[in-house]
*Asks:* 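Structure below; questions to follow.
Residue numbering restarts at 1 for every chain, and letters A, B, ... go by the order of the sequence lines.
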Amino acid sequence: MDLKITNTLTREKEVFRPIDPSHVRLYVCGPTVYDFAHVGNARPVVVFDVLARLLRRLYPAPEHRVTYVRNITDVDDKINARARANGETIAELTARTAAQFHEDMRALGAEDPDVEPRATHHIAEMIALIERLIAKGHAYAADGHVLFSVPSMPEYGGLSRRDRDEMIAGARVEVAPYKKDPADFVLWKPSDPELPGWDSPWGRGRPGWHIECSAMSWKHLGETFDIHGGGLDLIFPHHENEIAQSRCAFGSHVMATYWMHNGFVTVEGEKMSKSLGNFYTVRDVLQEWPGEAIRLLLLSAHYRAPLDFSKAGLREAKAQLDRLYQALESAQNVSTVRPDLALKNQGDAMVNIDRPQETYITDALCDDLNTPLAISRLHELATRLNKAPDDQKFGMKRTLLQGAELLGLLQNTPDEWFRGGVSDISQIEIERLIAARADARKARDFAEADRIRDTLKAQGIELEDGPQGTTWKRAG
RNA sequence: GGCCCCGUGGCAGAGUGGUUAUGCAGAGGACUGCAAAUCCUUGUACAUCGGUUCGAUUCCGGUCGGGGCCUCCA
């Protein structure tokens, strides 16, 4: 099935055709590292993680290659300000924040991108780009700055669909005197001695915001590539300006063929903002909720739609995962390899012959990354798995796991999900109490049996009596 | 002012020109010592007003309501 993507360039859902099918190239704007990632930062990471997983499924090795680049912005005025406020060096701040970002995103089940370039490691490429732009008449140096000349690019504004007059009329910032045109934007600016700076043909300075992504995508993906992603808010000015820089520098018709933008996250129905005090960092939420529940919640709305991040939503996500893991636990002894093939084949040959062909979830995701539909199909598969006779469970379990992998879900074992984090000592004690309760039940001393069950429940352990005996799990 | 998005059952949230979304919550039943989990049954939604159509929640237009962006916020 074809992958379809809503392309911000055209505002239409289009069939994805890579420039080079043997090498699919994806670039996503990553974090500016000056503080903990909040749940709004996490949404594009999780969304484009699913896209990368899907692309790898659709364009598998060894015939194909997928390169996913997500940058780290480690030169920025917010970083400078924060480092000063914290009384630490910029290097300390960015190194620590980047490490925290990695920990948090991994906790959300996001795989690392193939390349994670840092802006400060690409100053030479930025300078080279700026020199090209000047040489081609698309940029000019003025008063220590280098500015992109917006009037030099007639198509400027195509992505955000706004014309120059509107932009100027709506501008909230006073126009700097060195700009030839009010719409021009900074490619390079001078740095004070105490601020980060690099030598350049225009003196010691630092880059403007947009040039880094043009430089890093060029270095790691080429002059043009397939998909560029990021948050809705980046459409203007960031992505508009990236397009201007890259296209004018390379004389290309497009920078990326497809542009994808995720919607915003609200918190308990309100826009997340520091002034409202409803700023959820991923780290804080992880204190109370499994990363997988956060991930499921972030995928529970279509990526372009707004997403409300709420306690109720987290509870529901957790409940949904309980249900899915429950289905897997009930099939824990079921192999995901066809029994007949497992018997007939050994080693690598078996893997090749028994290559799974899950399409149920893949098809949902191919429709412009319809993760809510994909999740609903996970539930359908879980229901079918629950109902299936034992000898038919293997295929459904496999389909469920393979589909879930595409979403980055159900990557734990049911045992870890339900019983992880309980110490070995406690587990021994729990087993002892279960045995004591079994004796009581056998003696039909149900008062004692219920007392034991209530005692454990008060300690956050729930018991379930099944045909195979009693099992336990962490409560809620 | 300009550009863009959205309004679905108690909640979350897909989708479709005429046929069950899915999950959570709720109700009834099976199973169970009782529970839990699971299974079965159950709820007949699509802001509003017009238009197109044999037929619209789905297409078109108006209205009302909500939201985002408009120079460094994912």
*Asks:* Check this for me: R323(A), atom CZ, are more than 12 non-hydrogen atoms of other residues, nucleotides or ligands nearer than 6.0 Å?
*Replies:* yes
*Asks:* For RNA chain B, what is the dot-bracket line, given that a base pair needs Watson-Crick (N1 to N3, plus N6-O4 or O6-N4) or G-U wobble (N1-O2 and O6-N3) geometry with both distances under 3.5 Å, and | means paired with another strand?
*Replies:* (((((((..(((.....[...))).(((((.......)))))....(((((..]....))))))))))))....
*Asks:* Are L324(A) and H379(A) packed together at the side-chain level, in the sense that at least one heavy-atom pair is separated by less than 4.5 angstrom?
*Replies:* yes
*Asks:* Would you mind reading off the distance between Y178(A) atom OH and U71(B) atom P, rounded to a whole angstrom?
*Replies:* 15 Å
*Asks:* Taking the minimum atom-to-atom distance to the side chain of N386(A), which one of C39(B), A74(B), G33(B) wins?
*Replies:* C39(B)
*Asks:* For K311(A), is there any backbone N or O sitting under 3.5 Å from a side-chain donor or acceptor partner on E268(A)?
*Replies:* yes
*Asks:* I want to know whether H239(A) and H210(A) have ring centres closer than 6.0 Å.
*Replies:* no
*Asks:* State which of A37(B), C73(B), G33(B) makes the closest approach to the side chain of Q326(A).
*Replies:* A37(B)
*Asks:* Regarding H238(A), tell me which of base, sugar-phosphate or nothing describes its non-hydrogen contacts under 4.0 Å with the strands shown.
*Replies:* nothing
*Asks:* Could you walk me through whether W188(A) and H145(A) pass the ring pair (Phe, Tyr, Trp, His ring centres under 6.0 Å) test, one step at a time?
*Replies:* CA-CA 5 Å; W188(A) 190 263; H145(A) 295 66; over 10 Å; no
*Asks:* Output one letter per nucleotide in nucleotides 21-29 of chain B: B when a protein non-hydrogen atom lies under 4.0 Å from the base, S when only the sugar-phosphate is that close, - when neither is.
*Replies:* BSBS-----
*Asks:* Which sits closer to the 5' end of RNA chain B, H38(A) or G466(A), going by the nucleotide each is nearest to?
*Replies:* G466(A)
*Asks:* Expressed in whole Å, how much space separates the C1' atoms belonging to A45(B) and U8(B)?
*Replies:* 6 Å
*Asks:* C29(A) or S300(A): which one's nearest nucleotide on RNA chain B is closer to the 5' end?
*Replies:* S300(A)
*Asks:* If you check every side-chain atom of E464(A), which of A37(B), C72(B), U38(B) has the closest atom?
*Replies:* A37(B)
*Asks:* Does atom CZ (R84(A)) have a neighbourhood of more than 12 heavy atoms from anything else shown, all under 6.0 Å?
*Replies:* no
*Asks:* Please pick, from C34(B), A74(B), G68(B), the nucleotide with the shortest atom-to-atom distance to any side-chain atom of L234(A).
*Replies:* A74(B)
*Asks:* Base, sugar-phosphate or nothing for G313(A)? Non-hydrogen atoms, less than 4.0 Å.
*Replies:* nothing
*Asks:* Mark yes or no for whether S214(A), through its side chain, and Q245(A), through its backbone, hold a donor-acceptor pair below 3.5 Å.
*Replies:* no
*Asks:* From the set U71(B), G33(B), C39(B), return the single nucleotide nearest to any side-chain atom of K387(A).
*Replies:* C39(B)
*Asks:* Can you tell me how far P of A36(B) sits from CD of E462(A), to the nearest Å?
*Replies:* 10 Å
*Asks:* Check the angle between the aromatic planes of Y27(A) and F225(A) and answer parallel, tilted or perpendicular using the 30° and 60° thresholds.
*Replies:* tilted
*Asks:* Hey, does D465(A) reach any base, or is it just sugar-phosphate, or nothing, if we go heavy atoms under 4.0 Å?
*Replies:* base
*Asks:* Tell me whether the guanidinium CZ or amine NZ of R283(A) lies under 6.0 angstrom from the six-membered ring centre of F36(A) and within 45° of its axis.
*Replies:* no
*Asks:* Could you check, using the six-membered ring where one of them is a Trp, whether H220(A) and H122(A) have ring centers closer than 6.0 angstrom?
*Replies:* yes
*Asks:* Please list residues of residues 433-443 of chain A whose heavy atoms come under 4.0 Å from any atom in RNA chain B, ordered by number; otherwise none.
*Replies:* R437(A), R441(A)
*Asks:* Give one of base, sugar-phosphate or nothing for V186(A), where a contact means two heavy atoms less than 4.0 Å apart.
*Replies:* nothing
*Asks:* When rounded to the nearest Å, what value does the distance between P atoms of C46(B) and G9(B) take?
*Replies:* 8 Å
*Asks:* Which class fits the ring pair H38(A) and F279(A): parallel under 30°, tilted 30 to 60°, perpendicular over 60°?
*Replies:* perpendicular
*Asks:* Among G15(B), G68(B), C72(B), which nucleotide has an atom closest to any side-chain atom of N370(A)?
*Replies:* G15(B)
*Asks:* Which value, in whole Å, describes the distance between the C1' atoms of nucleotides U20(B) and C3(B)?
*Replies:* 40 Å
*Asks:* Between C54(B) and C70(B), how many Å separate the two P atoms, rounded to a whole number?
*Replies:* 47 Å
*Asks:* Using the C1' atom as the reference point in each nucleotide, state the distance between U19(B) and G28(B) in Å, no decimals.
*Replies:* 27 Å
*Asks:* Roughly how many Å apart are C64(B) and C49(B), using the P atom of each and rounding to a whole number?
*Replies:* 15 Å
*Asks:* Given atom OH of Y34(A) and atom P of C72(B), what is their separation to the nearest angstrom?
*Replies:* 13 Å
*Asks:* Other residues, nucleotides and ligands only: do more than 12 of their heavy atoms fall within 6.0 Å of CD on Q468(A)?
*Replies:* no
*Asks:* How far does the C1' atom of C6(B) sit from the matching atom of U57(B), given to the nearest Å?
*Replies:* 15 Å
*Asks:* Using the C1' atoms only, state how far G7(B) lies from G15(B), rounded to an integer number of Å.
*Replies:* 16 Å
*Asks:* Which nucleotide sits closest to the side chain of F236(A): A14(B), C70(B), C72(B)?
*Replies:* C70(B)
*Asks:* Taking the side chain of R453(A) as its heavy atoms from C-beta onward, which of C34(B), U38(B), C72(B) lies nearest to it?
*Replies:* C34(B)
*Asks:* Side chain of P237(A), heavy atoms from C-beta onward: which of U71(B), A14(B), A74(B) has the nearest atom to it?
*Replies:* U71(B)
*Asks:* Taking the side chain of N262(A) as heavy atoms from C-beta outward, which of C73(B), G33(B), A74(B) is closest to it?
*Replies:* A74(B)
*Asks:* Count the heavy atoms belonging to other residues, nucleotides or ligands that lie under 6.0 Å from CZ of R11(A), then report whether that count exceeds 12.
*Replies:* yes
